[in-house]
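Below is one structure; the comments refer to it alone.
Since we're looking at a predicted model, the values are computed, not measured. Quick note on labels: first sequence line is chain A, next is B, and so on, each numbered from 1. Just the heavy atoms: all of them, side chains too, but no hydrogens, waters or symmetry mates, feed the values below.
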Protein chains: 2
Amino acid sequence: MPEDLRQDDVELLARIAHRYYVDDRTQEEIAREFALSRPKVQRLLERARWSGVVDIRIQAPPWLHLDLEDALRNAFHLSDAIVSPSRPDAQSQREAVARSAAQYLERHLRDGTVVAVSHGRDTGEIPRFFRPGRRLDCTFVSAMGGSPRVDNPTNPNEICRALADHCGGRAESLYAPAYVESAEVRDQLLRQEAIAQTLGVAGRAGVALVGIGGTDDGCTMVRGGCLSTDEMARLRRQGAVGDVLGNYVDIEGHLIAAPHRDRLVALSVEDLRRIETVVAVASEAEKPRAILGVLRAGVIDVLVVDETNARAILDLAGTAEAGQPAPPEPRRNVQRG
Amino acid sequence: MPEDLRQDDVELLARIAHRYYVDDRTQEEIAREFALSRPKVQRLLERARWSGVVDIRIQAPPWLHLDLEDALRNAFHLSDAIVSPSRPDAQSQREAVARSAAQYLERHLRDGTVVAVSHGRDTGEIPRFFRPGRRLDCTFVSAMGGSPRVDNPTNPNEICRALADHCGGRAESLYAPAYVESAEVRDQLLRQEAIAQTLGVAGRAGVALVGIGGTDDGCTMVRGGCLSTDEMARLRRQGAVGDVLGNYVDIEGHLIAAPHRDRLVALSVEDLRRIETVVAVASEAEKPRAILGVLRAGVIDVLVVDETNARAILDLAGTAEAGQPAPPEPRRNVQRG
DNA sequence: TTCACTGGTGAGCAATTGATCACCCCGGGG
DNA sequence: CCCCGGGGTGATCAATTGCTCACCAGTGAA
């Protein structure tokens, strides 16, 4: 009970708030009933919200962490952050994150949208849950080459095909490997019209769907043969913590120059920056440093992540990035609530 | 958690409600963020309110009983009901009720309002608390005659004077006794211009402030000499439970014909019915039957009462009058909000 | 293949809210 | 007595909400 309010003021606040929120009366009706002006009723309602006389709670299901989502959005200037439940085993956790990402895509994709897709086990899980309620005439195009060394379902072309199948859209395959032996060969490849054309489409996509890779030897880049374990060790020594589309960053989000980049057939970080909505999915346990580094690089607009990683990212980021909590603002009444 | 909602629907409800009520986003902004239409967001918000995902509570002070006020208003078609705290002793309780009534009058009275005032200990206590924040050019006029047999502060003329003093208004005294010896004398008195004029003003008042009297021998009507104890006993035998301005009613609210009425100098029930806002105050312990009878008579628009009496009235009235509870309606957001 | 039903959309409009402002009243201090 | 500050009002207008509707797409049953 706010101490700075006189007893009869508190009673008036409570009565007026009761009429508005419980009895659904308009401010005009309340003004007439209490013989007050409408601005006065409005200020009293605002005061009721501010003072806690009106207590509005969102009874979210226990697996939702709206607070974490808020914190992530605010700390990294994301347009959206979705935190799904953590699960005891990695596969269930990956599925939960994939489901959330699929729901996001179902709502946001429109006919004509072009979606550039990366490789990865996290992105590879999304098509299973991608079931728009209506057909979507989208184009899914690979954002990077593939590799026979990894499972089909983690290859971009296959992911695109599966996504397109589930919504009646189209897939545009990139007929190129993810890596080649030299920069020269890579440049020569990119000059092939079929390849340049497809990567051009990917570069002009409205949405990119990417995974965030780690720097452990079990990551997709190493398993796919894009990097040797020696190259990965060197990247770690250089401070790399994670990558997106083969572009490695350190914990501060700075891009790390490495010769392997010249051999990759994939969209660059500059390409990603030009894409309006970059959706990143990450579910693997103990990957927060990778995610944090990529977030700080500033190319991600939407993050879909599990709870454990979310908490760890925010802990690592500390108060400097989570920022000073905003002063509590009066909430909407209904209307504003 | 509503069982009829799919998991992903519940998550969507919770997220959208969180944006609206906690983050203060507009429905338009939320629609854009979640790639939905505005009508859809609105329906989801309404559903969130309906389903309990949004929980709006009014943290009223413990001495307020907004539920009792609602129940009284609904059961007796009152335009307002104010329930003030019960107190251990009768005088404190009377003061609490008087304070509430004074606050009501302070808000509702306007320059030019004419207030007809009855006698009584409850109404007599109101001037002590009546302190409008600005001067009010009102006229307080006696609705009935006075009696030297009771304390000055419970006589209508004195109550009017005190109310007028506290707001810079005017008092119009009725120079007549509350009762005379016969109907003939009463009719003769009413023909006196001074008396007819004042009662005429009272009958045209916009507000009436009345007490509710009981049928015990200690009530103001008996103490003031308006009724003998024999007459009171006979009224009780006739089923009378209470009175307003000397007009007795039974528990069903039916007016009881009694010869004393012809000897009273006071506004009639018909007069009261013509007054737009009749405010009744009642604080005496164990008076619910009187209050219930008078409420059922249908002349009261606003009731100011203590909690104990309020509960007893509603209990006496039972479910027939309290009516079937209305089905739970979706509450306003802010708007409802 | 057709039809009915469900549930979405954008558009449009009325109602309500949020905010501002000029004006007024009152009280307190100089 | 004058001035200033606080807090109210009604009026006004922009923004937002509440609601309706025609239209569209998809699904399932006949």
May I have the distance from L136(B) (atom CG) to dC24(C) (atom P), rounded to whole angstrom?
19 Å

Whole-Å distance separating the CZ atom of R25(B) from the P atom of dA15(D)
18 Å

Gap between atoms CZ and C1', on F34(A) and dG8(D) respectively (whole Å):
18 Å

Please state how far atom CG in D24(B) lies from atom P in dT16(D), giving the value in whole angstrom units.
12 Å

Reckon Y20(B) has a side-chain N or O less than 4.0 Å from the OP1 or OP2 of dT16(D)?
no

So, OP1 or OP2 of dG18(D): does either fall under 4.0 Å of a side-chain N or O from Q27(B)?
yes

Rounding to a whole Å, what distance do you find between Q42(A):CD and dA15(D):C1'?
12 Å

Run the salt bridge (Lys or Arg N to Asp or Glu O under 4.0 Å) check on D24(B) and R49(A) step by step: do they pass?
CA-CA 12 Å; D24(B) 269 338; R49(A) 293 191 286 270; over 6 Å; no

Do R99(A) side-chain atoms and F129(A) backbone N/O form a donor-acceptor pair below 3.5 Å?
no

Rounded to whole Å, the CG-C1' distance (L45(B) to dC19(D)) equals 15 Å

Write down the distance between CZ (R19(B)) and P (dT16(D)), rounded to a whole number of angstrom.
17 Å

Is any side-chain heavy atom of L109(B) closer than 4.5 Å to one of F140(B)?
yes

Going 5' to 3' through nucleotides 4-10 of chain C and flagging B where a protein heavy-atom sits under 4.0 Å of the base, S where only the sugar-phosphate is that close, and - otherwise, we get ----SBB

Would you mind telling me which residue lines up with the more 5' stretch of DNA chain D, E28(B) or R135(A), judged by nearest nucleotide?
E28(B)

Could you state the CZ-C1' distance from R47(B) to dG18(D), rounded to the nearest angstrom?
18 Å

Any chance the side chains of D301(A) and T277(A) put a donor and an acceptor closer than 3.5 Å?
no

Once rounded to the nearest 0.5 Å, what's the spacing between atom CD of E106(A) and atom CD of Q103(A)?
6.5 Å

One thing to verify: whether E95(A) and R128(A) come together as a salt bridge, which I'm taking to mean a side-chain N less than 4.0 angstrom from a carboxylate O.
yes

Verify the neighbour count for atom CZ of R170(B): are there more than 12 heavy atoms of other residues, nucleotides or ligands below 6.0 Å?
no

